[in-house]
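This one's a predicted model, so the numbers in the text were calculated from it and none came from an experiment.
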4 protein chains.
Amino acid sequence: MHIKIDNLSDRPVYQQIIDQIKRDIALGRLAVGDKIPPVRQLALDIVINPNTIAKAYRQLEQDGVINTRAGSGTFVAEIQNTLNNESRKVLVCNQLELAVVDAVHTQVAQKELTNWFSEIAGRYYGRSNKI
Amino acid sequence: MHIKIDNLSDRPVYQQIIDQIKRDIALGRLAVGDKIPPVRQLALDIVINPNTIAKAYRQLEQDGVINTRAGSGTFVAEIQNTLNNESRKVLVCNQLELAVVDAVHTQVAQKELTNWFSEIAGRYYGRSNKI
Amino acid sequence: MHIKIDNLSDRPVYQQIIDQIKRDIALGRLAVGDKIPPVRQLALDIVINPNTIAKAYRQLEQDGVINTRAGSGTFVAEIQNTLNNESRKVLVCNQLELAVVDAVHTQVAQKELTNWFSEIAGRYYGRSNKI
Amino acid sequence: MHIKIDNLSDRPVYQQIIDQIKRDIALGRLAVGDKIPPVRQLALDIVINPNTIAKAYRQLEQDGVINTRAGSGTFVAEIQNTLNNESRKVLVCNQLELAVVDAVHTQVAQKELTNWFSEIAGRYYGRSNKI
DNA sequence: GTGGTCTAGACCACC
DNA sequence: GTGGTCTAGACCACA
């Protein structure tokens, strides 16, 4: 598992870790049941305090993305949606909207934006972990 | 201008103000040259500490979204992209990717996600402020 | 708000804080919208590291029991059940069952156990915050 | 003896074993003098590290719930209360209180909670191992 | 002044 | 060796 922290980003370190693990799972790079690196090992790898890694894992666990079993390790959980249709639409659409607003403000043409979207969606959906 | 603050959101208040002003501009609800409310007035309207409003305006000004003319007020600036092609692609695609990852993790079907995207993009691009 | 930590308990400190705040809310001692003590102040009061208090508050926030607004403070949220009927039955009954098993193993008579239960339930339900 | 471990539970494995053995005794499924499986056999049955089983047995033995007779095996002991009245009241009532607080916070009506309690108490007390 | 993030490091519980 | 808890303390973001 390759995690890269951008210290210049305004996104907190623990959030970057969460983002990347969720991304790897969504991309199918991490499969259900896979073991993810122990807190201490990942901390050494990316030169981050173990508590920060633990915080990311804790949040992922709480979101149902991973299962941590004290003493044995941390594992990728099955993707399961706990939100109702309305909530997940709000969640996803809000984020889409932020992207579109930024596109308009940086004068990205609609056609280009749509191409980007299609390319990204294809990367995530054109895989084994179909829905 | 209607700004609504969600105190339960994890997004900070000043950021919600920025989001909504940029959104209104992108939607064409606010046009170039329109006056936006003075800090003190908006602070009274939405019952928020004036410092918080001022912080939002300061950042919008720095992003070139609004212009403050001392003595006369604050006005919507012309949209102008200051980023190069690569930077704005990174900016927009990162946000799109976050949206897609969340869609996958909440088991939104690709088709539905695409519909949502099209609907939102249409709302922002099918307007006077064409690019 | 009076919080007492039992250092001999096997229940972690942060969990004891959670228990007692939830208890005070359930008893009506804390009402919706009430401000609860700032992290640092409570830390001084009960002589506990602020991070431990923060951890308790974080979990309460995530459980929807309180709302924390960075910069302004932490407030009691409205009680709202997010679980379905089945989940909350499992949650509550598992705890009841642990209590009953312990009662049997310490040879508490059924009648006495029932009295205790009624007395406690009365304390929590015989109040303004009726359901 | 049927023991089921829930790896997703936040309750540690050794504690789940203790819970279930005490529950089976309280329910009368295990009677005084019954032999419980050797550590190694149970470890194979439920696919758990033998050390974990041993830890559970050790604690049960210490609580006077089972007796280990070297060479012949491990047996269910007679239920005997070693606590004084005050201690066992505190023990049981604390657990009841946790259950009631959670009931209030998940908006379980008092009547429903009482029904659940009665049903569970009936299951444990309406049996041969009367007190 | 409020809570949030991150670091550093000790100690414990669990498997 | 695994994750969890707790402490101590610096620094930042927010209102």
Taking the side chain from D:Ser87 and the backbone from D:Leu83, do they hold a donor-acceptor pair closer than 3.5 Å?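 Checking the backbone N and O of D:Leu83 against the side chain of D:Ser87, no donor-acceptor pair under 3.5 Å is found.
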
Looking at every strand, decide which applies to A:Tyr57 at a 4.0 Å heavy-atom threshold: base, sugar-phosphate, or nothing.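 The residue A:Tyr57 makes no contact with any strand.
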
Heavy atoms under 4.0 Å, any strand shown: does C:Ile48 hit a base, just sugar-phosphate, or nothing?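 Counting heavy atoms under 4.0 Å across all strands, the contact made by C:Ile48 is with sugar-phosphate only.
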
When D:Tyr57 is tested against each of D:Val39, D:Thr68, D:Ile18 for side-chain contact (heavy atoms from CB on, under 4.5 Å), which residue passes?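 Between D:Tyr57 and the candidates, side-chain contact (heavy atoms from CB on, under 4.5 Å) is satisfied uniquely by D:Val39.
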
On a plain distance test, is the side chain of C:Arg58 in donor-acceptor contact with the base of E:dG4 below 3.5 Å?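 A donor-acceptor contact between them is absent.
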
Does the base of E:dG1 carry an N or O that pairs as donor and acceptor with the side chain of C:Arg40 under 3.5 Å?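 Side chain to base: no pair present.
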
Please compare C:Pro50 and B:Asn49 by the position of their nearest nucleotide in DNA chain F and report the one closer to 5'.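 With C:Pro50 and B:Asn49 compared, the 5'-side residue is C:Pro50.
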
What is the distance from [atom1] of [X] to [atom2] of [N], rounded to the nearest Å?
{"X": "B:Asp10", "N": "F:dA13", "atom1": "CG", "atom2": "P", "result": "17 Å"}
{"X": "A:Asn67", "N": "F:dG3", "atom1": "CG", "atom2": "P", "result": "13 Å"}
{"X": "A:Asn51", "N": "F:dA10", "atom1": "CG", "atom2": "C1'", "result": "14 Å"}
{"X": "A:Lys55", "N": "E:dT5", "atom1": "NZ", "atom2": "P", "result": "4 Å"}
{"X": "C:Ile17", "N": "F:dT7", "atom1": "CD1", "atom2": "P", "result": "9 Å"}
{"X": "B:Gln15", "N": "F:dA15", "atom1": "CD", "atom2": "P", "result": "10 Å"}
{"X": "D:Ile18", "N": "E:dC14", "atom1": "CD1", "atom2": "C1'", "result": "12 Å"}
{"X": "A:Glu61", "N": "F:dT5", "atom1": "CD", "atom2": "C1'", "result": "16 Å"}

Do any side-chain nitrogens or oxygens of [X] fall under 4.0 Å of OP1 or OP2 in [N]?
{"X": "C:Ser72", "N": "E:dG3", "answer": "no"}
{"X": "C:Thr52", "N": "F:dT7", "answer": "yes"}
{"X": "A:Thr74", "N": "F:dG3", "answer": "yes"}
{"X": "A:Tyr14", "N": "E:dT5", "answer": "yes"}

Who is the Watson-Crick or G-U wobble partner of E:dC14, with both distances under 3.5 Å?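 Its partner is F:dG1.
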
Note: C:Arg88-D:Asp102 ion pair, threshold 4.0 Å (strictly below):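 A salt bridge is absent here (no side-chain N lies under 4.0 Å from a carboxylate O).
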
Measure from the side-chain heavy atoms of A:Pro12 and tell me the nearest of E:dC6, F:dC14, E:dG3.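 Nearest to the side chain of A:Pro12 among the choices is E:dC6.
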
Do you see a donor-acceptor pair shorter than 3.5 Å between the side chains of A:Gln95 and B:Gln95?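 A:Gln95 vs B:Gln95: no donor-acceptor pair found between side chains.
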
C:Gln15/C:Asp19 under side chain to side chain donor-acceptor pair (under 3.5 Å): CA gap, chis, key distance, verdict: CA-CA 6 Å; C:Gln15 187 65 57; C:Asp19 290 344; 3.3 Å; yes

Taking the nucleotide of DNA chain E with the closest heavy atom to each, which residue, A:Gly71 or A:Val47, is nearer the 5' end?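 The residue whose closest nucleotide sits nearer the 5' end is A:Val47.
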
